[in-house]
There are 2 protein chains.
Amino acid sequence: MDTSSNDTMSSLIDSALARLREAGYKITNARRTVLEVLCQDNQHLTSADVIEQVEARDPAVGRASIFRTLELLTELAIIRPTYLTPRTPNYIVMPESGHHAHIICPQCNKITELGDCEIEDLIEQIAERQGLEITGHLLEIYGICPDCSD
Amino acid sequence: MDTSSNDTMSSLIDSALARLREAGYKITNARRTVLEVLCQDNQHLTSADVIEQVEARDPAVGRASIFRTLELLTELAIIRPTYLTPRTPNYIVMPESGHHAHIICPQCNKITELGDCEIEDLIEQIAERQGLEITGHLLEIYGICPDCSD
DNA sequence: CGCCCAATTGATACAAAATATCATTTATAT
DNA sequence: ATATAAATGATATTTTGTATCAATTGGGCG
């Protein structure tokens with residue numbers, strides 16, 4: 001049995017909860033449940049997805065709290081909305097480093113995550129040149145995947 | 001008087017209109033008006049912004065057509081929704097190359113556009129390694145700007 | 001140029017998504 | 001354990017986006 005992805009998931013949650021607490025916010029049932037849903041390996045959830053899955057885990061959690069939590073987590077850069085589909089944000093959980101990169105196939109919408117990549121050095125250079133203190137980045141590459149290019 | 005930004009703007013519009021036509025769509029008043037608004041130098045407009053500004057230019061253009069146009073332009077990758085603010089897409093016009101990069105200061109939300117940058121070579125490499133045909137990319141760097149870091 | 005006709009539009013009605021309000025509950029520091 | 005400010009869930013409401021459909025229009029063709 002493969003526990004590595006669960007380990008990754010739980011450490012992601014732990015890190016996220018720690019960041020929440022450090023920022024002075026309480027760890028509530030609603031917030032923990034939303035984070036549990038977001039940290040599952042099926043990432044890139046829309047708000048509707050999150051509502052549905054939170055509902056399944058704990059029907060007592062209200063809609064409003066889910067939206068409030070998404071907003072708070074975004075503000076703290078713990079999650080980041082992305083735009084795979086027009087007009088419906090998909091949320092991803094950002095690692096503590098604040099760096100994330102993925103490839104999207106515009107035909108089939110398949111997402112390939114790019115773990116740590118060489119982009120980071122380049123970004124450091126840009127940041128230095130512009131005189132800013134970087135806190136993270138999001139890189140989206142649009143590319144027709146092998147399956148779709150046949 | 002500085003006309004360069006107007007030149008850039010009108011060529012952006014021209015290129016966008018050409019891409020529309022090439023894809024087999026008609027150049028209509030609604031579509032042209034939406035593109036005019038989007039191509040102004042104050043980029044990163046929300047749909048509400050677009051509706052407001054289109055309304056100001058030509059009250060005859062209907063809400064539904066504005067949404068339809070935003071959807072069509074997104075589908076054709078002529079514009080791209082981004083998520084600078086939680087849950088409200090901001091639209092940017094993509095150049096024909098399909099490459100775009102900007103820096104956002106999470107404190108003041110100031111956006112610094114990065115013209116052509118060195119990222120592109122690196123992206124080509126990644127694309128080749130993954131065996132995909134890239135059509136563009138969007139890079140967002142989050143960084144505290146000099147004004148905010150004082 | 002002026003006709004044709006599918007594509008597109010605008011108006012209206014409708015559905016879905018997000019937000020404000022507020023009395024009640026809960027997490028946490030002490 | 002208790003006090004208390006933060007956070008919640010339920011409800012009502014607003015905002016945002018979509019479906020429908022008769023009327024209009026852009027652009028190719030003669």
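Below, chain A is the first sequence line, B the second, and so on; all start at residue 1.
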Residue pair A:Ser11 / A:Asp14, side-chain donor-acceptor N/O under 3.5 Å = no
Hey, is the side chain of [X] poking within less than 4.0 Å of OP1 or OP2 on [N], counting only N and O atoms?
X       : N      : result
B:Arg21 : D:dG27 : yes
A:Ser65 : D:dG9  : yes
B:Ser47 : D:dT16 : no

Do other residues, nucleotides or ligands put more than 12 heavy atoms under 6.0 Å from the CD atom of A:Glu113?
-> yes
[atom1] of [X] versus [atom2] of [N]: gap in Å, rounded?
X       : N      : atom1 : atom2 : answer
A:Glu55 : C:dA17 : CD    : P     : 14 Å
B:Asn90 : D:dT16 : CG    : P     : 13 Å
B:Glu71 : C:dT9  : CD    : P     : 12 Å
A:Glu75 : D:dA7  : CD    : P     : 12 Å
A:Ile27 : D:dT8  : CD1   : P     : 11 Å
A:Asn29 : D:dT8  : CG    : C1'   : 10 Å
A:Ile51 : C:dA16 : CD1   : C1'   : 10 Å
A:Leu17 : C:dT28 : CG    : P     : 10 Å

Nearest to side-chain heavy atoms of [X], which nucleotide of [options]:
X       : options                : result
B:Arg63 : D:dG17, D:dG9, C:dT8   : D:dG17
B:Phe67 : C:dG10, D:dT16, D:dG9  : D:dT16
B:Lys26 : C:dT21, D:dT25, C:dT28 : D:dT25
A:Arg31 : D:dT16, D:dA7, D:dA10  : D:dA7

Picking from B:Ile119, B:Leu114, B:Ile104, what satisfies side chain to side chain contact (heavy atoms under 4.5 Å, CB included) with B:Ile141?
-> B:Leu114
A:Tyr25 six-ring centre to A:Arg19 NZ/CZ under 6.0 Å and within 45° of normal = no
Let me know, please, whether A:Arg68 or B:Ala64 comes out on the 5' side of the other along DNA chain D by nearest nucleotide.
-> A:Arg68
Do the side chains of A:His102 and A:His100 get nearer than 4.5 Å, heavy atoms only?
-> yes
What nucleic acid atoms does B:Arg32 come within less than 4.0 Å of, heavy atoms only: base, sugar-phosphate, or nothing?
-> nothing
